[in-house]
2 protein chains.
Amino acid sequence: MLQKRIDDQPSISPEMVREAQGILHQHLKKVGLKQTAQRDTILRTFLDTREHLSTDELYRLVRKKDPKIGYTTVYRTLKLLAECRLASEVAFHDGIARYEHQYNRRSHHHMVCTDCGSSVEFFSNEVERLEQDIGRKYRYMTTRHSFQIYGVCEDCRKKNGAARVV
Amino acid sequence: MLQKRIDDQPSISPEMVREAQGILHQHLKKVGLKQTAQRDTILRTFLDTREHLSTDELYRLVRKKDPKIGYTTVYRTLKLLAECRLASEVAFHDGIARYEHQYNRRSHHHMVCTDCGSSVEFFSNEVERLEQDIGRKYRYMTTRHSFQIYGVCEDCRKKNGAARVV
DNA sequence: TCGATCTTGAAAATGAAATTCAAAATCGCC
DNA sequence: GGCGATTTTGAATTTCATTTTCAAGATCGA
Ligand SMILES: [Mn+2]
Ligand SMILES: [Mn+2]
Ligand SMILES: [Zn+2]
Ligand SMILES: [Zn+2]
C-alpha cells in the first residue's frame, strides 16, 4: 500500500529505538511478562517503518530479519505495543487492522483513497476539541476517537478518466 | 444493544414507509432487479426500528414476520438499501457491521461506550466542513467520512465504581 | 402464458482474528 | 552457574462474520 506523507520525517534515530525498547521492557516487567529476542526484533522492525502496517505486512518484514519468528508472535506483539502506547491501531475500513507508530508522534487523522488505498495524513485541533466537548456534554469519560475521510485521490481520478475515454 | 437517543423521534409514519418503498422499487427497476415480497418485508422491518442493527439482529426481527426468509436475503437486502440511500453502515468497531436509517435523517455521529456498547448521537457542522476543507486541500474527491468517539458512559462508571468498592 | 432473467436460501467457502497446546525460553532465587 | 516456576513461542486449529455458490423457484415484459 502506498503512502503519501504530509510531513517527511526522517527514520527513527538509534536513541529513540533504545528509548522505545526501554518503554516496552518496562511495560513487560510491570505486567509480569518476559523480555524475548522475538519481541525486540518485532519492535525494531516496526520502528523501521513509517507505514500503516497490517499484521501480515509486519510479519513479512520481520521474517527477513528472523525467519523463525511466527505470525502469531507478531500478532501478539503488536497488541503489546499498543498496550504500552508505542503503536496504535488505525481503521481504514478495508477489513484488516493496521498499526502505526504512536510514540513521540503528533496525533493526526487520515484521508483514504477508496480506489488505490493510499492515504494522506492531516492534523485538526477541532477534532481533538470535539472529543472533549461531546464527552463533557453527555458525561462520557472519553478515551479516544476515530476519524477518517474517504474519497478518490487525484491520481486515481486521472487514471479512471483516461480509462473512460478508451 | 441499548440505545440512548438525543432526539426522540416518533416511529416512522405509514406515508414514509410508502415513500421509502417507492424509493426501493424505483432503484430496483433502475438497476434491472425485481420486486419481491422478501425485500419489502425486510425494508418494512428495518423501518420499524430506530436502532443501529447488525445483519443478524435484523434477521431475527424479520423472521418474526416471515420465518421462511433467510439470513442471506437480509444480508443482501441491507446492501441494496444502502445502495439507494435508505440505510447507511455505521462503524462501531465492535467487529460487526451495523446499519441505520438514512432517509430523511439528519447527518450525525456517534459516541460509543466501550463497556456496554450503548451510544449517543450528536451533531457537528465542523466535522462536515472538515471533510470539504481537507478534500480540497489534498485534491481528493471526498465521498464520506467516519467519526466516532469512544469512552465509558456514566452508568458504566457507576457500576464499575461500585464493583471496586466491594 | 411463456421464457429469459433474477431471486432465494441452505450450504459451503473465505479470511482475518483469536485460541490451543506442548516444547522451549526466561529470570528470580539460591 | 543451575534450578524450577512461569511465560513464550509458533504451528495448527478454531472461531465467526461475511461472502459466494448453485439449483430450485419467482418475477415480469412481451
Ligand atoms: Mn498515520
Ligand atoms: Mn445513529
Ligand atoms: Zn487513489
Ligand atoms: Zn456503558
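Proteins get letters first, then strands, A, B, ... in listed order; numbering begins at 1 in each.
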Closer than 4.0 angstrom, basic N to acidic O: yes or no for A:D56 and A:R60? yes
Is the backbone N or O of B:V152 less than 3.5 Å from a side-chain atom of B:R157, with the two atoms forming a donor-acceptor pair by type? yes
Between B:R76 and C:dG9, is there a side-chain N or O to OP1/OP2 distance below 4.0 Å? no
Can you give me the bend angle of the helix from C:dT1-D:dA30 to C:dC30-D:dG1? Use the axis through the first five pairs and the one through the last five, nearest 10 degrees. 30°
Return the value, rounded to whole Å, for the distance between atom OH of B:Y59 and atom P of C:dT8. 14 Å
Determine the minimum heavy-atom distance between B:Y140 and A:G151, stating which atoms define it. CD2-C, 4.1 Å
Contact summary for A:Y150 and A:A91, nearest pair of heavy atoms: OH-O, 3.8 Å
Whether the side chain of B:T73 engages the backbone of B:I69 through a donor-acceptor N/O pair (distance < 3.5 Å, no angle test) should be reported. no
Report the residue from A:E57, A:E100, A:H101 that forms a side chain to side chain donor-acceptor pair (under 3.5 Å) with A:H52. A:E100
What closest approach, in Å, do A:T143 and A:E131 show between heavy atoms, and which atom pair accounts for it? C-OE2, 4.0 Å
Within residues 60-69 of chain A, residues whose heavy atoms come under 4.0 Å of DNA chain C: none
Taking only residues at least two apart or on different chains, which pairs with a member in residues 65-82 of chain B satisfy salt bridge (Lys or Arg N to Asp or Glu O under 4.0 Å)? B:D48-B:K65, B:D66-B:K68
CD/B:Q26: more than 12 non-hydrogen atoms of other groups inside 6.0 Å: no
Taking all heavy atoms of A:S54 and all of A:R98, pick out the closest pair and write down the distance. N-NH1, 3.7 Å
Report the distance from atom CG of A:L78 to atom P of C:dA16, rounded to the nearest whole Å. 15 Å
Atom CG of B:L28 and atom C1' of C:dT5 are separated, to the nearest Å, by 14 Å
Please indicate whether B:M141 has more than 12 foreign heavy atoms, meaning atoms of other residues, nucleotides or ligands, lying under 6.0 Å from its CE. no
For residues 23-34 of chain A, the salt bridge (Lys or Arg N to Asp or Glu O under 4.0 Å) pairs (sequence neighbours left out) are none
Contact list (N/O, under 3.5 angstrom) for nucleotides 23-30 of chain C vs protein:
unit_1	atom_1	unit_2	atom_2	d
C:dT26	O3'	A:Q35	O	3.4
C:dT26	O2	A:K34	NZ	2.8
C:dC27	OP1	A:Q35	N	2.8

Take A:M111 and A:F122 through the side chain to side chain contact (heavy atoms under 4.5 Å, CB included) test and state the conclusion after the steps. CA-CA 8 Å; A:M111 180 159 61; A:F122 63 90; 4.2 Å; yes
Taking only N/O atoms, report every protein-nucleotides 16-19 of chain D pair under 3.5 Å with atom names and distance.
unit_1	atom_1	unit_2	atom_2	d
D:dT18	OP1	B:A97	N	2.7
D:dT19	OP2	B:Y75	OH	2.4
D:dT19	OP2	B:K79	NZ	3.1
D:dT19	O5'	B:Y75	OH	2.8

For B:L24 and D:dT27, give me the distance from atom CG to atom P, rounded to whole Å. 15 Å
